[in-house]
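Chain letters run A, B, ... following the sequence lines, proteins first, then strands; residues in each count from 1. What you see below is based on every heavy atom in this structure, not just the backbone, and it leaves out hydrogens, waters and symmetry mates.
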Amino acid sequence: MLEKKPKNIFVDGPISPVKIGEDIAHHQKKTNIGAHSIFMGQVRADAVEEATVMAIEYTAHQEMALAAMHEIREAIFVKYPLTCLHITHSLGVVKAGEICLFVFASAVHRKEAIDACEEVVERIKKELPIWGKEIFADDEYQWKGNRG
Amino acid sequence: MLEKKPKNIFVDGPISPVKIGEDIAHHQKKTNIGAHSIFMGQVRADAVEEATVMAIEYTAHQEMALAAMHEIREAIFVKYPLTCLHITHSLGVVKAGEICLFVFASAVHRKEAIDACEEVVERIKKELPIWGKEIFADDEYQWKGNRG
Amino acid sequence: MMEVRLMSYGALTDITGSGVLEFSIPQSVISAAELMSLLIERYPALEGKTFRIALNERFVTGEFEVGSGDHVALMPPFSGG
Amino acid sequence: MMEVRLMSYGALTDITGSGVLEFSIPQSVISAAELMSLLIERYPALEGKTFRIALNERFVTGEFEVGSGDHVALMPPFSGG
C-alpha cells in the first residue's frame, strides 16, 4: 500500500458535506471494508473578547505539507492494516460552521480504522505546515494557535 | 443535555450515504462545534468456507435496545461535553457494501468527539440486544458473532 | 402455574422459532438456573447454548418473581453493528 | 555573500510580509542560531518569536550549508485543522 508520489490534500475553500456523502458512497464497492472512521474539523464562531470569529483563512507551505502528509500516510499504512485513507484540508477562507479538515480511514475491523483516523488527525495538527488566521468583522484578525 | 424519552435509532434497511451527507450539512448551523467524529459499520462480503456473505439481516429486541441506548446516551453526555450525538442502526436486510451503523458525535474540541464516538460504538456492540444473521447465496445463513 | 409469553432472539430462534410461545412455570418464585432447566427440558437444543433471560424487558439473574402474562425473553450474545 | 530567497509563514508574515524577500548571508556555512540573529537584526520584531527554519523545504538545526538561490522558510508553530 506504500505510495511513491505525494497526493494532493488541499482544496480551495470549505469541504462540502455533499462531497463527503459521495465519498462515503464510493466505498460501497469495496466489500472488504467493515468499518469507516471519519474526523471532520469545523470552523467555530469563537468569541474573543468583544469579537466573534467569522472565518479562518488557511495558508500552507504546500510542498512541505504534502511531503509531511506523504510520510504520515506511509507510516500509518505500515502501522495499521487499512483498506484506504483519504485526507482533505482547506486552503483560503472557510467560514464559521464550514468544514476545513476531513480524514476518512477505512479498514476490515473497527479498531484499526478508529485508531488510524485519530493518529492521522493528531499528526496533521502537529506536523503539517499549515496556518490559520482567524478573521473577525471589520478586517480584524488573530493567528490561530492549536491546543495540545 | 439529559433526555427523558428514548429516541428511536432504528431504520429499515441500509443507511444512505446521501442521508449522512445531509446530516453533516445540518450541523453547519451549530457554529460552536469544532470537531465531528463519525463511525460507520459496513457489511463485509466475508468468505466463510466456500460461501460469501451477501447480506446481514438484523433483528433486535427493540424496546430493550432503545432503553439501553438511552442509558448509554445519558452516561456519555455526563462523561463528555458533547454538542450532539446521533445514532442510527439498521434493521432488516443490509447488503454487503451497505452501511448498517452510523454514530455521529460532535463537540467543541476534537478529543471529546473522538473519545465519545469510540465509546458509544463499543457500548452499542456490547450492550444493545441486536442480532445479525449473515446470509449466503442459496438461502444458507449463519448467525454473526461480534469479535471483542 | 404461571403462563408466560416466551420469545427468543438471534440464533435461538433456530431452536424455538421466532414467534411468541406459551410457556408454563410451576412456581411464582424461580431462579434463572431453574428456569433454564425447564426451558432445556422443553427445548433440548438449548442445552449448552449461551443466553440471558429478560423478564418484562429487564435482565434477571438469581431468583425472581414471575406472574402469568409476563414476558420472558431468551437472548444469546449480541451481534449488532 | 549568499543571496537567498526568504519566505515567512503564518503570524511571521505580519513582520516580514508574505512575499519572497532577498536576504544576504555572509558565509556559506551557518548555524540556525546565527541565521536567527541575522534575521532579527534585519527584522527586529522577530525577537522572541518561536519559529523554525527550513532550507530548501527541509527543516534545519545546528550548522548547515547554504548557497545563493537557496530557499529559506521561516515557520511559526503550525495551526492547521
**Request:** Under the side chain to side chain contact (heavy atoms under 4.5 Å, CB included) rule, what do C/Thr16 and C/Leu6 come out as? Steps first, then yes or no, please.
**Result:** CA-CA 9 Å; C/Thr16 66; C/Leu6 189 72; 5.6 Å; no
**Fill in**
Whatever's closer than 4.5 Å to a heavy atom in chain C on B/Phe39 counts as neither
**Message:** Quick check on B/Trp131 against chain C: is it the side chain, the backbone, both or neither that has a heavy atom closer than 4.5 Å?
**Reply:** both
**Message:** Does B/His86 form a side chain to side chain donor-acceptor pair (under 3.5 Å) with B/His27? I'd like the steps, not just the answer.
**Reply:** CA-CA 11 Å; B/His86 304 282; B/His27 286 74; 3.1 Å; yes
**Message:** For C/Asp70, is there any backbone N or O sitting under 3.5 Å from a side-chain donor or acceptor partner on C/Asn56?
**Reply:** no
**Prompt:** Side chain, backbone, both or neither: which part of B/Leu128 has a non-hydrogen atom closer than 4.5 Å to chain C?
**Reply:** backbone
**Message:** Given heavy-atom pairs under 4.5 angstrom as the criterion, report whether the side chain, backbone, both or neither of C/Ser18 touches chain B.
**Reply:** neither
**Proximal component of B/Ile130, with respect to chain C [non-hydrogen, under 4.5 Å]** = both
**Close approach to chain C in residues 55-66 of chain B, criterion heavy atom under 4.5 Å** = B/Tyr58, B/Ala60, B/His61, B/Glu63, B/Met64
**Message:** Is B/Gln142 in contact with chain C via its backbone, its side chain, both, or neither, using a 4.5 Å heavy-atom distance?
**Reply:** neither
**Item:** Distance-only polar pair, side chains of C/Glu3 and C/Ser68, donor-acceptor under 3.5 Å
**Value:** no
**Prompt:** With distance as the sole test, does B/His89 use its side chain to make a donor-acceptor pair with the main-chain N or O of C/Gly81 at under 3.5 Å?
**Reply:** yes
**Expected output: side-chain B/Asp138 to main-chain B/Glu140 donor-acceptor under 3.5 Å** = no
**Prompt:** When you look at B/Glu98 and B/Val43, which way does the side chain to side chain contact (heavy atoms under 4.5 Å, CB included) test go after all the steps?
**Reply:** CA-CA 6 Å; B/Glu98 293 182 327; B/Val43 172; 5.7 Å; no
**Message:** Between B/Thr83 and B/Ser106, is there a side-chain donor-acceptor contact under 3.5 Å, judged purely by atom types and distance?
**Reply:** no
**Prompt:** What part of B/Lys133 gets closer than 4.5 Å to chain C, counting heavy atoms only: side chain, backbone, both or neither?
**Reply:** neither
**Request:** Answer yes if the side chains of B/His70 and B/Glu74 hold a donor-acceptor pair under 3.5 Å, and no otherwise.
**Result:** yes
**Structural part of C/Ala11 lying under 4.5 Å from a heavy atom of chain B** = both
**Prompt:** Relative to each other, are the rings of B/Phe104 and B/Phe102 parallel, tilted or perpendicular (30° and 60° limits)?
**Reply:** tilted
